[in-house]
Amino acid sequence: MNHFFAMPGSMRALGMTFVASLAALLAASPADARVTRIQIDAARSQSPTFGGFSWPGVGQYEKIVGTAFGEVNPHDRQNRDIVDIEFAPRNARGNVEYAFNFYILKPVDLEKGAGKMMYEPPNRGGKTWAALGRVSGGGDDPGSITDPAVLANAFLMPRGYTIGFSGWEDLGTLGTFSASANFPIAKFAPTAANPSGTITGPSYEYIVVGGAAASAALTYPAATLDKTQATLTHRVHLNDAPQIIPASGWSYNAAGTAISLAVGSFVANDIYEFAYTAKDPKVSGLGFAAVRDWNAWLRYERRDDAGNPNPLAGHIKRIYTEISSQPGRMLNDFRNLGFNEAENGKKVFDGHMQWIAAANGINMNYRFSQSGRTERNRQNHLYIEGRFPFANVTTHDPITRKTDSRYASCQETRTCPLGVEIYSANEYWVKSASLLHTTPDGTKDLPDSQYTRNYFMSSMRHGTGNAGTDAAPNRGLCQQRDNPLNSAPVQRALFIALDEWATKGKEPPKSRVPKLKDGTLVPPLPQSGMGFPNIPSPFADGPGPLVTYTGLKTTRYHFDYGLNFYESGIATVNPPLFPFTTPSYQDDTRNGPIYPSFIPKTDSDGNDIAGVRLPDVTVPLATYTGWALRQGAQASDGCEANGQFIPFAKTEADRGSDPRPSVEARYKTFADYHGKLRSALERMISDRLLLCEDAGTEEVRLMQAGITRGVPPPAGGVLPAVEMLKACREDRHHGRDHDRDEDDDDD
């Protein structure tokens with residue numbers, strides 16, 4: 001097991017005081033890590049919910065909202081890797097307490113349920129399940145959805161799934177409900193303090209504001225208001241030399257919790273970086289324990305210590321996670337640190353459906369951590385997120401000379417969850433996703449883990465964007481239109497495959513990733529080697545006559561945060577580079593040792609060759625990319641999570657110098673286009689990457705998209721009737737999955 005906690009030398013000065021405290025704690029009666037009490041908010045709970053809608057065979061659902069309280073033994077094997085837990089406040093039993101909000105949607109009659117739960121650790125307090133769940137509206141209170149058409153088309157409720165959410169990240173809003181976020185999911189983590197008093201240490205803020213701002217909040221309060229002990233810099237582009245703003249040019253507020261400029265405001269979208277000495281770190285790693293203990297309690301326990309009944313007692317046989325982005329990186333570390341083992345030694349989760357998390361972890365189980373940070377092409381590079389081990393199979397790190405796997409800990413305890421890793425092209429460009437399936441030295445492809453499969457969504461951005469219309473294209477800060485590709489239908493198919501893998505032993509579809517050995521995984525430069533064509537820019541205000549290609553890719557460095565950081569989680573140097581002392585961020589060994597990473601090769605249209613190719617990419621009407629560049633003052637810096645949508649010319653007359661054939665040249669008739677489209681859908685269904693129940697909606701959407709982009713309309717202008725595709729079975733997996741997994745050996 002990788003131990004994040006080890007007592008650093010600077011703390012040995014605590015001497016006998018700490019030893020005495022430790023002895024007293026070890027003498028105390030052992031106590032389990034567990035949820036000790038739940039408090040249901042009757043005013044916000046509801047039975048039935050969803051406006052009373054009832055699903056055939058399952059019935060109505062109810063909503064249970066409340067707060068849970070838990071505690072962990074800081075010296076237990078399963079908790080000792082939580083950084084600074086030895087400095088957290090203790091209760092009379094010598095345990096560390098925490099609390100979080102929860103939100104549950106369950107069948108009113110559990111006997112009609114599937115005995116399975118979809119659990120989502122929210123993304124920055126917000127629920128992101130709607131795409132997978134095939135619902136819309138409701139926001140952070142999905143039980144408030146009452147539209148019968150939306151509910152009848154839902155994915156999880158007709159199958160009898162319980163749906164759960166709970167807090168894991170300290171957002172400072174425990175038990176607080178506001179009009180803008182009806183049901184925030186926030187965790188309360190205690191502040192660490194050693195026996196000598198306040199804990200201080202180096203901290204770092206990357207500051208970019210979306211609009212002119214008078215001040216910038218600090219994640220942790222400053223330990224001193226002496227401005228000579230802090231540094232603030234400013235730059236416009238990532239590779240500009242940072243300019244130090246003198247101490248006279250900025251100030252703290254009275255509490256040391258924010259900074260402001262002496263003159264003017266922070267310039268929108270420019271980069272400011274602030275290094276200072278902070279105090280009062282949170283024990284943020286308790287978020288792992290909160291996720292573990294809550295789900296284990298729902299699955300295995302009957303009631304809390306006060307006698308309050310578990311609302312799911314005896315019902316849950318399987319739990320699968322669904323995430324989007326940030327919480328998936330949390331679950332990568334969750335597995336790596338061994339938190340999928342419950343207090344009773346059994347599994348917490350049977351499977352993880354990871355969406356856009358790839359090979360990275362999260363900046364959480366560290367002193368002065370900032371779990372809300374996420375690395376992009378231009379932002380947050382200096383927070384520890386991408387660190388070895390990257391892969392789900394055992395690899396050797398040539399830099400640290402360690403050998404490890406994200407699954408090593410759970411293999412030791414036989415508590416490994418299965419997993420489907422689904423991620424976009426953006427993760428290759430901004431998150432070094434190739435390290436999930438190549439060796440850390442970048443020389444070989446890796447085999448699949450026995451527990452996971454990897455699915456690269458070709459040509460997709462991070463999440464689903466919005467290209468707008470031809471009349472009003474959506475570009476935001478980017479040079480080109482946003483990428484609208486949507487992976488939700490594939491996610492639903494792979495969620496079913498994950499369940500079948502866990503309950504029936506039926507393996508999911510084979511991994512689909514670009515590879516070194518077949519030349520589909522390549523460096524971003526030269527452009528001729530990766531395949532992206534020279535496309536005329538459709539926007540006159542662009543930076544030049546062509547769609548700009550620079551090969552900008554995030555570099556995965558091994559940064560130096562000081563002695564023993566990678567063992568203790570405690571930085572003595574933070575940030576590791578401040579200010580930048582080299583002329584370039586990208587691939588410069590003067591910034592530190594580099595783990596080589598690669599990007600997907602494209603075809604002559606600029607669409608990725610390998611991976612799961614949606615019908616939009618197989619039967620294309622445009623070029624779709626997982627990367628994008630900025631326009632305006634920060635031109636050609638990365639446009640972060642965005643991708644690009646660059647339509648083909650509708651006719652050969654409109655094509656000009658565009659090397660990509662026009663829509664007219666590709667599809668002579670609607671029947672030609674429609675036939676290719678149906679073949680693409682049939683293939684996805686046969687490959688178990690699309691459910692029959694999603695096929696009709698996708699077919700209608702793509703037929704209309706073709707007409708919009710220049711495919712000749714069908715005779716009479718009427719779209720053909722959508723019939724069951726040949727690949728679809730009559731039992732289209734509608735309704736509840738009756739597999740109750742009665743012989744589950746985990747119970």
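Starting from 1, each residue takes its place in the sequence as its number.
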A.B. asks: Given the ring of Tyr206, does Arg373 sit roughly above its face, with NZ or CZ under 6.0 Å from the centre of the six-membered ring and within 45° of the axis?
C.D. replies: no
A.B. asks: Between Asp84 and Arg367 (salt bridge meaning N to carboxylate O under 4.0 Å), is one present in this structure?
C.D. replies: yes
A.B. asks: Under a 4.0 Å N-O cut-off, is there an ion pair linking Glu427 with Arg461?
C.D. replies: no
A.B. asks: Can the ring centroids of Trp627 and Tyr549 be said to lie less than 6.0 angstrom from one another?
C.D. replies: yes
A.B. asks: Between Gln229 (side chain) and Tyr276 (backbone), is there a donor-acceptor pair under 3.5 Å?
C.D. replies: no
A.B. asks: Could you tell me whether the side chains of Ser597 and Lys553 share a donor-acceptor contact shorter than 3.5 Å?
C.D. replies: yes
A.B. asks: Any non-hydrogen side-chain atom of Leu218 less than 4.5 Å from a side-chain atom of Phe274?
C.D. replies: yes
A.B. asks: Do the side chains of Phe288 and Asn79 get nearer than 4.5 Å, heavy atoms only?
C.D. replies: no
A.B. asks: Are Val72 and Glu97 side-chain neighbours, meaning at least one heavy-atom pair lies under 4.5 Å?
C.D. replies: no
A.B. asks: Cationic tip of Lys127 within the cone over Tyr103's six-membered ring, i.e. under 6.0 Å and within 45° of the normal?
C.D. replies: yes
A.B. asks: Answer yes or no: is there an ion pair linking Arg44 with Asp141, defined by an N-O contact shorter than 4.0 Å?
C.D. replies: no
A.B. asks: Among Glu421, Glu169, Glu385, which one satisfies salt bridge (charged side-chain N to carboxylate O under 4.0 Å, His left out) with Arg329?
C.D. replies: Glu385
A.B. asks: Is Ser434 reaching over with its side chain to a backbone N or O of Phe598, donor-acceptor style, under 3.5 angstrom?
C.D. replies: yes
A.B. asks: In plain terms, say whether Arg556 and Asp587 are close enough for a salt bridge, that is, a side-chain N and a carboxylate O under 4.0 Å apart.
C.D. replies: no
A.B. asks: Any non-hydrogen side-chain atom of Leu238 less than 4.5 Å from a side-chain atom of His381?
C.D. replies: yes
A.B. asks: Determine the sole option in Tyr220, Tyr272, Tyr561, Tyr383 for which the ring pair (Phe, Tyr, Trp, His ring centres under 6.0 Å) test with Tyr204 is passed.
C.D. replies: Tyr383
